[in-house]
Amino acid sequence: MNHRSLIVACAQLGPIQRAEPRAVAVARMVRLMERARARGAEFVAFPELALTTFFPRHYLERIEDADAWFETSMPSDETAPLFAAARRLGVGFHLGYAERVIEADATGRARPRRFNTAILVSPAGDILLKYRKVHLPGHAEYDPRRNVQHLEKRYFEVGNLGFPVIRAPMGALPGVNLGMMICNDRRWPEAWRVLGLQGVELVALGYNTPSLNQEAGGFEAHHLRVFHSHLSIQAGCYQNACFAVATAKAGTEDGCELFGHSIIVNPQGEIIAQAGTWDDEVITAECDFAMCTLGRTTIFDFAKHRRPEAYAPITGQVGAVEPPVWGDPGA
Ligand code: CDT
């Protein structure tokens with residue numbers, strides 16, 4: 001059997017301050033691509049919303065006033081250097097960005113729409129796949145109880161592309177099953193399973209995760225924030241027999257701390273590379289896709305063992321429904 005392996009990299013970004021122009025961020029990203037390539041990487045994953053500060057922490061009354069943070073074309077003049085670097089270096093990449101498009105909604109009316117988006121780009125600079133974030137965390141209105149806002153529900157619509165997977169050439173391989181998720185999606189097993197049901201072999205995901213949980217009144221121990229991120233990614237990889245390359249934007253951005261700890265995970269759920277800084281950093285690991293076979297042909301042989309007839313509540317309801325109350329027959 002042919003050896004099917006790919007060297008992948010997380011291109012972790014340190015903070016991008018609100019005043020930092022796109023051109024500076026893109027130049028940093030091109031340098032990370034070059035460093036990744038020098039270490040043999042054939043595929044590089046950048047974070048969520050990699051071109052700007054994590055702007056959903058900033059409240060703007062008029063959503064249109066946030067448009068400077070959005071991309072209206074991809075590539076654009078400002079992001080073209082990333083595509084040129086991919087071609088020059090022969091590496092594919094994953095990029096998260098805020099997308100603004102004129103697109104018809106469910107009623108058929110074309111209007112400006114905004115999504116938290118990620119793309120996979122081939123070493124030839126072609127866009128292979130687009131994904132729009134489904135699980136938007138946070139809130140839509142200014143919340144005076146929070147020290148830091150998390151307004152993803154204000155600035156973005158729920159993604160309307162599902163969780164797509166594509167088989168595409170990458171590195172020396174004629175085909176790898178590639179999928180994506182974005183930040184909060186990684187905490188939802190449903191997202192992993194939809195990718196798993198399409199035979200995904202490598203999941204690229206980026207994140208901007210505050211070190212402090214503002215929702216919990218500002219406290220959740222730091223180590224648990226990182227633990228929950230890693231736990232989710234490691235479980236997703238194990239239960240779907242795939243690799244993940246999970247990349248942070250990290251450090252103190254606009255005065256708010258985001259954790260780093262970017263990781264690459266194998267189908268056994270093991271971390272095989274981890275970032276050690278909260279700044280621009282490259283980590284690499286080799287993904288030997290033969291490792292996906294064990295899970296797929298044994299404990300997670302979906303065709304043999306899944307029982308969708310017992311899973312109806314997963315797609316049939318959103319919130320939890322209280323169980324019936326036991327009535328003590330002796331009472
Ligand atoms: N960007 C993103 O999705 N961040 C969330 C933070 C949740 S706290 C509102 C995450 O799940 O990491």
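What you are looking at is a predicted structure, and each value in this text was computed from that prediction instead of being measured. Below, all heavy atoms of this structure are taken into account, side chains as well, without hydrogens, waters or symmetry copies.
Proximity of the aromatic rings of F70 and F55 is defined here by a centroid distance below 6.0 angstrom, and this criterion is met.
Comment: R111 engages E157 in a salt bridge, judged by a side-chain N to carboxylate O separation of less than 4.0 angstrom. Using a 4.0 Å cut-off between charged side-chain N and carboxylate O, E99 and R113 make no salt bridge. Salt-bridge annotation for K249 and E48: absent, with no side-chain N of the basic residue lying under 4.0 Å from a carboxylate O of the acidic one. Taking the charged nitrogens against the carboxylate oxygens, D280 and R35 have no contact shorter than 4.0 Å, which rules out a salt bridge. The residues R37 and E42 are annotated as not salt-bridged, no charged nitrogen and carboxylate oxygen being separated by less than 4.0 angstrom.
Looking at Q12 and T247, their side chains never bring a donor and an acceptor atom within 3.5 Å of each other. There is a side-chain donor-acceptor pair under 3.5 Å between E286 and S5. With 3.5 Å as the limit, one finds a donor-acceptor pair spanning the side chains of D185 and Y131.
Summarising the geometry, atom OH belonging to Y207 is positioned 4.5 Å from atom OG belonging to S262; distances are rounded to the nearest 0.5 Å.
A continuous path of hydrophobic side-chain contacts links V194 to V165 [ILVMFWY only; heavy atoms under 4.5 Å].
Sequence neighbours left out, the pairs with a member in residues 169-183 that pass side-chain hydrogen bond (donor to acceptor under 3.5 Å, both in side chains) are R167-N177.
For the side chain to side chain contact (heavy atoms under 4.5 Å, CB included) test, residues two or more places apart in sequence or in another chain that qualify with D143 are H139, R145, R146, Q149.
One N or O on the side chain of R154 and one on the backbone of A140 form a donor-acceptor pair closer than 3.5 Å.
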